Amino acid sequence: MAANESSVSNENTRKDFIRTIIDEDNASGKYDGRVHTRFPPEPNGYLHIGHAKSICLNFGIAQDYGGLCNLRFDDTNPTKEDVEYVESIQEDIRWLGFDWEERLYYASDYFEQMYEYAVQLIKKGKAFVCDLSAEEMREYRGSLTEPGRNSPYRDRSVEESLDLFERMRAGEFADGARTLRARIDMTSPNMHLRDPIIYRILHQSHHNTGDKWCIYPMYDFAHGIEDSIEGITHSICTLEFEDNRPLYDWFLDELGVYHPQQIEFARLNLNYTVMSKRKFIKLVQDGHVRGWDDPRMVTLSGIRRRGYTSSSIRKFAERVGVAKNNSVIDMALLEHTIRDELNETAPRVMAVLRPLKVIIDNYPEGKVEDFEVQNFPHDKTRNEVRTVPFTREIFIEASDFMEEPPRKFFRLAPGKEVRLMGAYYIICQEVVKDEDGNVVELHCSYDPESRGGASPDGRKVRGTLHWVSAAHSLPVEVRLYDKLFLVENPNKAPEGEDFTVHLNPDSLEVLTGCMVEPGLADAALEDRFQFIRHGYFCLDSGDSKAGTLVFNRTVSLRDTWAKMKK
RNA sequence: AGGGGCGUGGUGCAAUGGCAGCACACCGGACUUUGAAUCCGUUAAUCUUGGUUCGAAUCCAGGCGCCCCUGCCA
């Protein structure tokens, strides 16, 4: 077992800087060998693939070290939070394959304790009630280069602050009338240390505590306490909280309580997409996408609906790595990861997306042959087969025929021979067009000797086409997705414009009247297929129904022919 | 301008004083009943200047560049 583990690929054994810190802590006995992380989302929106990186990191570390990872909702701001999100977040994390067991916590569970801690700080002379308005406070704060000035209420007596804070809790004051502030240093070059607010007044009912509270703790005060109460060892967060760390430490030190360590890493960025709640909302509200779970969105619900598997997302998070560099991951890596998995797991089927009828004149009318074809033809060790019916009239992909083919086009053209995968060789004899000159039908002849797709004379036929029997094929809808934005970084918009100017107008292509193998009628929601020569597809969880199937393209196959044409 | 971070091929991540490596992307070839997959190969990087050292991506000093910080958001 240990030998097996040590022999896994470099990719898995390489340690990121956080695991290196944990190794050192374990070696020094800093936390008695305990490893306890947490994933602390605020329930104010849907999770996206950037969160997945953090989830995989936190839960993954717990798994690797035989430790624990809590799920904790950081619900300290009732004006933005909702139970709708606490549910979707749990669903997404479970889908990703992680389990917090009985350790589902809420920051709001600790409100009473936090209040007590705040009182302690006041008694210690480390916090005071401030009557400055928001605007005044901003003026007093100074700027990045100018020191701030002390609040006139800073030297208020402990007794008065205690009394005022109690009355804040009792609801005697209006929103914004007063705050509780830490007494640190208004001249600190670190803005977070300029007497930051600990509690604000918010007469707002909370999804968890209802109307019990009208004062709510701020993130910096609350987060460390939450970590401390839960016995977290390594509190992992993103880079922008680096400046907050001295404050995280200050609160815990002043309170004299158990003190986890905060470690920051770089959040995930992906090119050709956006990754912020605000921008997702705009995309949904302005109708650029069909909802939070639109398969073009990088929300976890969108990605899931698109057909990405949770194992591929976990693999992706692993390949992306963990570091402190601001980085932008190429969407191609995400696509590679899902292709890589589906190539191994998705059975192949034939689906004609843009049908062109082919009539095989010398094939007997009414005859039906059932051909047995491999589900995993690239893998000789797997002998799983299915049968597909073959008849005189079939559909092929319209783009697989060209009347005047360029060089190196080895598909069908007048007088040219191709192989129908698993069936026969055919030669195009006649092209039928409508009055506008569009090709509407092909007449071909077949070689009975080539049954199964090979001929006794061993002649080479380079082109191999997928096909479906016209009489047996199943009509379905297919949705093809492309990148949502045309540029690598949609966040950079020209003056006076926003990121939506970069939207790809062709990010969704809906194809109706696609013809697929009849066996697909039994497809289940969790099934994944490779539509041969097209890509990987799954049923759309939102719109597909028995009888009117809708398939989503998760990702296309690599297409070097398309590249050559450019 | 103050503070906090970060600089390794095109993009990411390793190398923790000792041969700069892996993945994706790219390009080329082989094979192919998927123009897929697979296999083989090519190209390509230590921000800069100085110092320490037998030896520096790594240590030291200066410079440059990028990111974050002035919510009663998290």
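The shown structure was predicted, so the numbers you read here are calculated from the model rather than taken from an experiment.
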S.K.: Do the side-chain N and O atoms of A:Glu417 and A:Tyr446 include a donor-acceptor pair separated by under 3.5 angstrom?
M.R.: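 No, no side-chain donor-acceptor contact under 3.5 Å.
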S.K.: Between A:Arg382 and B:A37, does any side-chain N or O lie under 4.0 Å from OP1 or OP2?
M.R.: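 False: A:Arg382 side-chain N/O out of range (4.0 Å or more) of B:A37 OP1/OP2.
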S.K.: Whole angstrom is fine here: how far is it from CZ in A:Arg411 over to P in B:U34?
M.R.: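 To the nearest whole Å, that distance equals 13 Å.
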S.K.: Of all the nucleotides listed (B:A37, B:C68, B:G5), which has the minimum atom distance to the side chain of A:Asn326?
M.R.: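 Closest nucleotide to the A:Asn326 side chain: B:G5.
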S.K.: Ignoring backbone atoms, establish whether A:Arg194 has a side-chain N or O less than 4.0 Å from OP1 or OP2 of B:G3.
M.R.: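 So the side-chain polar atoms of A:Arg194 never come under 4.0 Å of the phosphate oxygens OP1 or OP2 of B:G3.
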S.K.: When we call it a touch if two heavy atoms are under 4.0 Å apart, what does A:Ala323 touch: a base, just sugar-phosphate, or nothing?
M.R.: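 The residue A:Ala323 makes sugar-phosphate contact but no base contact.
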S.K.: Under 4.0 Å between a side-chain N/O of A:Asn325 and OP1 or OP2 of B:C6, yes or no?
M.R.: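 So the side chain of A:Asn325 is outside the cut-off, no N or O lying under 4.0 Å from OP1 or OP2 of B:C6.
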S.K.: What residues in residues 70-81 of chain A put a non-hydrogen atom under 4.0 Å from any atom of RNA chain B?
M.R.: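 Here the set is A:Asp74, A:Thr76, A:Asn77, A:Lys80.
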S.K.: Could one point to a donor on the side chain of A:Glu146 or the base of B:U70 with an acceptor on the other under 3.5 Å away?
M.R.: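 No pair found.
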S.K.: Reckon A:Arg200 has a side-chain N or O less than 4.0 Å from the OP1 or OP2 of B:A74?
M.R.: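 True: A:Arg200 side-chain N/O within range (under 4.0 Å) of B:A74 OP1/OP2.
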S.K.: What does B:G63 pair with, Watson-Crick or G-U, if both distances are under 3.5 Å?
M.R.: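 When the pairing criteria are applied, B:C47 turns out to be the nucleotide that pairs with B:G63.
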S.K.: Does OP1 or OP2 of B:U38 have a side-chain N or O of A:His378 closer than 4.0 Å?
M.R.: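 Answer is no, no contact under 4.0 Å.
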S.K.: CE of A:Met331 versus C1' of B:G12: gap in Å, rounded?
M.R.: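 So the CE-C1' distance, A:Met331 to B:G12, works out to 15 Å.
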S.K.: Measure from the ring centre of A:Tyr219 to the centre of the six-membered ring in the base of B:A74, then say whether that distance is under 5.5 Å and the planes meet at under 30°.
M.R.: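 Base of B:A74: not stacked against A:Tyr219.
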S.K.: For the side chain of A:Asp330, counting heavy atoms from C-beta on, which of B:G3, B:U11, B:G2 is nearest?
M.R.: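 Looking only at heavy atoms from C-beta outward on A:Asp330, the closest nucleotide is B:U11.
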S.K.: Heavy atoms only, 4.0 Å cut-off, all strands: where does A:Asp559 land among base, sugar-phosphate and nothing?
M.R.: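 Result for A:Asp559 = sugar-phosphate.
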S.K.: Taking CG from A:Leu239 and C1' from B:G3, how many angstroms apart are they, rounded to a whole number?
M.R.: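 After rounding, the reported distance stands at 15 Å.
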S.K.: Atom CD1 of A:Ile49 and atom C1' of B:G12: how far apart are they, to the nearest Å?
M.R.: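 Going from A:Ile49 (CD1) to B:G12 (C1'), I get 14 Å.
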S.K.: Please check if any side-chain donor atom of A:Thr309 sits under 3.5 Å from a side-chain acceptor atom of A:Glu341, or the reverse.
M.R.: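 Yes, side-chain donor-acceptor contact under 3.5 Å.
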S.K.: Starting from the 5' end of RNA chain B, give me the residue, A:Asp220 or A:Arg419, whose nearest nucleotide shows up first.
M.R.: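 The answer here is A:Arg419.
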S.K.: Given B:C26, B:C72, B:G35, identify the nucleotide with an atom nearest to the side chain of A:Thr560.
M.R.: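 Out of B:C26, B:C72, B:G35, the nucleotide with an atom closest to A:Thr560's side chain is B:G35.
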S.K.: Send over the distance from A:Phe537 CZ to B:A36 C1', rounded to a whole Å.
M.R.: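 A:Phe537 atom CZ is separated from B:A36 atom C1' by 13 Å.
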S.K.: Roughly, in whole Å, what's the span from CG in A:Asp195 to P in B:G71?
M.R.: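 Roughly 15 Å, once rounded to whole Å.
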S.K.: How many whole angstroms separate atom NZ of A:Lys380 from atom P of B:U32?
M.R.: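 From A:Lys380 NZ to B:U32 P: 11 Å.
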S.K.: Using a cut-off of strictly less than 4.0 Å, decide whether A:Arg348 has a side-chain nitrogen or oxygen near OP1 or OP2 of B:A36.
M.R.: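 Negative; the distance criterion is not met.
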S.K.: Measure the distance from CG on A:Leu334 to P on B:U11 and round it to the nearest whole Å.
M.R.: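 Going from CG in A:Leu334 over to P in B:U11 covers 19 Å.
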S.K.: Which one is paired to B:G2, where only Watson-Crick or G-U wobble pairs with both distances under 3.5 angstrom count?
M.R.: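 Its partner is B:C69.
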S.K.: Which residue, A:Lys460 or A:Gly463, contacts RNA chain B at a nucleotide closer to its 5' end, judged by nearest heavy atom?
M.R.: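 That would be A:Lys460.
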S.K.: So, A:Arg72 and A:Asp227, do they make that salt bridge, N to O below 4.0 Å?
M.R.: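 Judged by the 4.0 Å cut-off on N to carboxylate O distance, A:Arg72 and A:Asp227 do form a salt bridge.
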S.K.: Indicate syn or anti for B:G65, taking the glycosidic torsion and treating anything within 90° of 0 as syn.
M.R.: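 Base orientation relative to the sugar is anti.
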S.K.: Can a side chain N or O of A:Lys324 be found less than 4.0 Å away from OP1 or OP2 on B:G7?
M.R.: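 Indeed not, no polar side-chain atom of A:Lys324 lies that close.
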S.K.: Classify the angle between the aromatic ring planes of A:Phe221 and A:Phe251 as parallel (below 30°), tilted (30 to 60°) or perpendicular (above 60°).
M.R.: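 Perpendicular.
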S.K.: Hey, do the aromatic rings of A:Tyr424 and A:Phe390 have their centres closer than 6.0 Å?
M.R.: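 Yes, the ring centres sit under 6.0 Å apart.
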S.K.: Please tell me whether A:Glu230 and A:Tyr110 have a donor and an acceptor in their side chains that are separated by less than 3.5 angstrom.
M.R.: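 The answer is yes; a qualifying pair exists.
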S.K.: Give a yes-or-no answer on whether the side chains of A:Asn244 and A:Gln262 include a donor-acceptor pair shorter than 3.5 Å.
M.R.: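 There is no such pair (donor and acceptor under 3.5 Å, judged by atom type) between the side chains of A:Asn244 and A:Gln262.
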S.K.: Select one nucleotide: of B:C69, B:C26, B:U34, the one nearest the side-chain heavy atoms of A:Leu557.
M.R.: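 Taking heavy atoms from C-beta onward, the closest nucleotide is B:U34.
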S.K.: So, A:Asn190 and A:Ser188: side-chain donor and acceptor under 3.5 Å apart, yes or no?
M.R.: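 There is no such pair between these side chains.
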S.K.: Taking the side chain of A:His336 as heavy atoms from C-beta outward, which of B:G35, B:A36, B:C24 is closest to it?
M.R.: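 Selected nucleotide (nearest to the side chain): B:C24.
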S.K.: Using the rule side-chain contact (heavy atoms from CB on, under 4.5 Å), only one of A:Leu356, A:Leu353, A:Val468, A:Val358 pairs with A:Phe395; which is it?
M.R.: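 So the option named by the test is A:Val468.
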S.K.: For B:U38, what is the paired nucleotide under Watson-Crick or G-U wobble rules, both distances under 3.5 Å?
M.R.: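 Across all strands, the one nucleotide that pairs with B:U38 is B:A30.
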S.K.: Paired with B:C22: which nucleotide, if any, by Watson-Crick or G-U wobble criteria at under 3.5 Å for both distances?
M.R.: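 Because both required distances fall under 3.5 Å, B:C22 counts as paired with B:G12.
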S.K.: Are side-chain N/O atoms of A:Asn375 and A:Arg348 paired as donor and acceptor at under 3.5 Å?
M.R.: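 The criterion, which ignores hydrogens and geometry beyond distance, is not satisfied for A:Arg348 and A:Asn375.
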